[in-house]
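Working notes, structure below.
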Amino acid sequence: MNREASTRVISRENEITSPSLPVNSRFIMRREFFGALIYDSEVCDYIPFDKEAEEIFLQLNTTPWDALVEKWGNRFSPHYLSTFIKLCQNSGIVDSRYRFTPYILPNTQKSGYLSAPIKIHLQLTKACSLNCIYCFSNSGTPSVDELTTEEIFKLIDDMSEIGCYYLSLGGGEPLLREDLSSIIRYANQKKIAVSLSTNATVITTKMIEELKEVKLRKLKISFPGASQKSYDFLRNKNAYKRAIKGIALLKEHLSTPIFLHSIISKYNISELPSLVRLAESLEVGTVRFDFMLPVGRAFFLRDAMLSPQEALGIRRMAMKLQEHTSIRLLFPSIPFKTKRRGLYKGFGCIGGTEVCFINSQGFLYPCGFLEGKLPAFNIKKNSIKTLWIEDPSLRLMRNLIGNLQCKECEYLSTCRGGCRARALFTLSNLNLPDIYCPYYYKISEVDR
């Protein structure tokens, strides 16, 4: 679908404006098809509860405790119910007087999927200080008509109203946006946790001072190569030293947790031990690894994509390295595992079911890897609440039929089939298995 056609306005009949959240609300509850989702703004995480727990929570403030125990006596023993409430009191969801403390969001829609995303990935700009040969967004120069500060503020307002409290800011290079600190500060005011992805090569003293005034959940530093030679080859710039200097400045002046993020391909597959040693020397606590996808500029580097055997092998190497380092190593699990099983039904990854991606011009996609591959509507003309319910690309992802191999797999309930973008770009079908799944690979080997 061309972008001019995709800007038509979707019906706003489902939009209902909700009041601003109370300033002192630590917990916010969304009613969902499976029960409830409670967001803890202090630890910046969601806690899922089933339907029985939701009903108990809603009755706590109107029903005396003895009557509540009697009412639920046919399902739970008094001891079980008391233990459950005690655990909730320990977390603060229930106070010492047996009152339910979270603010309950009004007008949440109950259906077969989440009423709102739990996280939004926002590309602030396509402007970038580097020119990575594998860049999935093909960043470098800013796009025409990128989102304005006010348009992003409106998105943040919408997120707060629907109960989406995690915003991941990326690019391009988001530090090239002069309004970055204003955006983060505004999200902070709305209780929205913010993480930031950067290459750290453009860090200045002024930027450091601005970032010290806002609250960031975490800082992700993209770092593809352990040596100056490999780093500068992959980024096509003389940038290695600037990145190291930038990380040192961030470590010195900010208390925000920092982790390195490295995309693994045939170009740097041998550098895994060196990347871990580099993280140790930089005193970075976590390194996250992901596998390169043939998207954006990496589309022309398909031969550099890891084979299924290589992907499994390097994950096994990471598990062995983990035994000898205090650095936390994060790798995609194989078979894949959804973090919160039960938040959505059916086949497929979290794109369009738990999270979504908005590019710098405001077009919404299930994930950034699917940008330009599916129909896209724009948040400039439609609220995120409306798009989450009615967007055709998100609906497509929620209604994937899957395949026989995955449906018969014992890991389907936690894996859901793995990465849908990888299935699309390698097998040309969103419903087929993720090729990095070892169970799929063994089956396909037998078939051949």
Side-chain angles (χ1 to χ4, degrees), residues 1-2 5-6 8-15 30-35 37 46 48 51 108-121 162-164 293 295 335-359 363-379 382-437 440:
M1 178 181 293
N2 64 58
S6 69
R8 69 178 183 272
V9 180
I10 297 176
S11 168
R12 293 176 178 264
E13 62 183 6
N14 291 317
E15 289 190 47
R30 283 164 39 178
R31 302 182 68 184
E32 300 291 352
F33 70 92
F34 54 82
L37 200 58
Y46 294 87
K51 291 181 180 179
T108 52
Q109 173 179 308
K110 284 202 170 190
S111 59
Y113 55 91
L114 289 177
S115 64
I118 61 175
K119 183 177 184 179
I120 290 178
H121 296 272
I162 63 177
C164 178
L293 280 171
V295 186
F336 295 89
K337 293 180 182 178
T338 53
K339 182 178 179 182
R340 298 175 179 85
R341 60 180 301 183
L343 290 197
Y344 66 95
K345 300 177 181 179
F347 175 78
C349 62
I350 63 175
T353 52
E354 290 186 21
V355 304
C356 60
F357 169 82
I358 299 171
N359 74 7
F363 290 94
L364 181 143
Y365 296 92
C367 83
F369 296 122
L370 296 175
E371 181 181 6
K373 305 300 180 183
L374 298 174
F377 291 87
N378 201 295
I379 63 166
N382 311 275
S383 74
I384 188 65
K385 178 175 182 176
T386 299
L387 290 178
W388 183 257
I389 296 169
E390 299 185 13
D391 183 86
S393 296
L394 303 188
R395 287 185 172 185
L396 171 66
M397 295 294 284
R398 294 168 190 151
N399 292 287
L400 295 174
I401 61 174
N403 59 85
L404 186 60
Q405 293 173 356
C406 289
K407 287 179 179 179
E408 294 182 349
C409 180
E410 62 182 301
Y411 295 102
L412 178 61
S413 63
T414 54
C415 171
R416 303 290 191 187
C419 176
R420 296 299 85 221
R422 187 154 37 240
L424 178 64
F425 291 118
T426 56
L427 302 174
S428 302
N429 192 320
L430 283 167
N431 286 293
L432 292 181
D434 186 327
I435 65 164
Y436 283 169
C437 175
Y440 163 74

What are the two closest heavy atoms between F33 and K345, and how far apart are they? CE1-CE, 3.3 Å

Nearest heavy-atom pair of A116 and R30: which atoms, and what distance? O-NH2, 2.6 Å

Answer whether the closest heavy-atom distance between the side chains of C419 and C349 falls below 4.5 Å. no

Over 12 non-hydrogen atoms of neighbours within 6.0 angstrom of NZ in K373: no

Does L412 offer a backbone N or O that forms a donor-acceptor pair with the side chain of K407 under 3.5 Å? no

Nearest 0.5 Å please: distance from the CG atom of L424 over to the OG atom of S428. 7.0 Å

Can you find a heavy atom in the side chain of I120 that is under 4.5 Å from one in the side chain of C356? yes

Check ring-ring contact (aromatic ring centres under 6.0 Å, His included) between F34 and all other residues, then give those that pass, not counting sequence neighbours. none

Can you give me the closest heavy-atom contact between G163 and Y46, atom names plus distance? O-OH, 3.4 Å

Does any part of the side chain of L343, heavy atoms only, come nearer than 4.5 Å to the side chain of L37, both counted from C-beta? yes

Just wondering, do N431 and N403 contact through their side chains at under 4.5 Å, heavy atoms? no

Which atoms form the tightest heavy-atom contact between I162 and K385, and what is the distance? CG2-CB, 3.6 Å

Verdict with reasoning, Y440 to L427, per side-chain contact (heavy atoms from CB on, under 4.5 Å): CA-CA 12 Å; Y440 163 74; L427 302 174; 3.9 Å; yes

Heavy-atom side-chain proximity of N382 to E390 below 4.5 angstrom: no

Looking at CZ of F357 and CG of L370, how far apart are the two atoms once the value is rounded to the nearest 0.5 Å? 10.0 Å

Out of curiosity, D391 CG to R398 CZ, how far, rounded to the nearest 0.5 Å? 8.0 Å

Considering only heavy atoms from C-beta outward, does the side chain of R420 approach that of F347 to under 4.5 Å? yes

Close side-chain approach of P392 to F377, heavy-atom, < 4.5 Å: yes

Do S115 side-chain atoms and E32 backbone N/O form a donor-acceptor pair below 3.5 Å? no

Which pair of heavy atoms, one from W388 and one from L114, lies closest together, and at what distance? NE1-O, 2.8 Å

Results of ring-ring contact (aromatic ring centres under 6.0 Å, His included) for Y436 - residues two or more places apart only: F291

Which of these passes side-chain contact (heavy atoms from CB on, under 4.5 Å) with L394: N399, I389, L364, L374? L364

OG1 on T426 to CG on L293, rounded to 0.5 Å: 8.5 Å

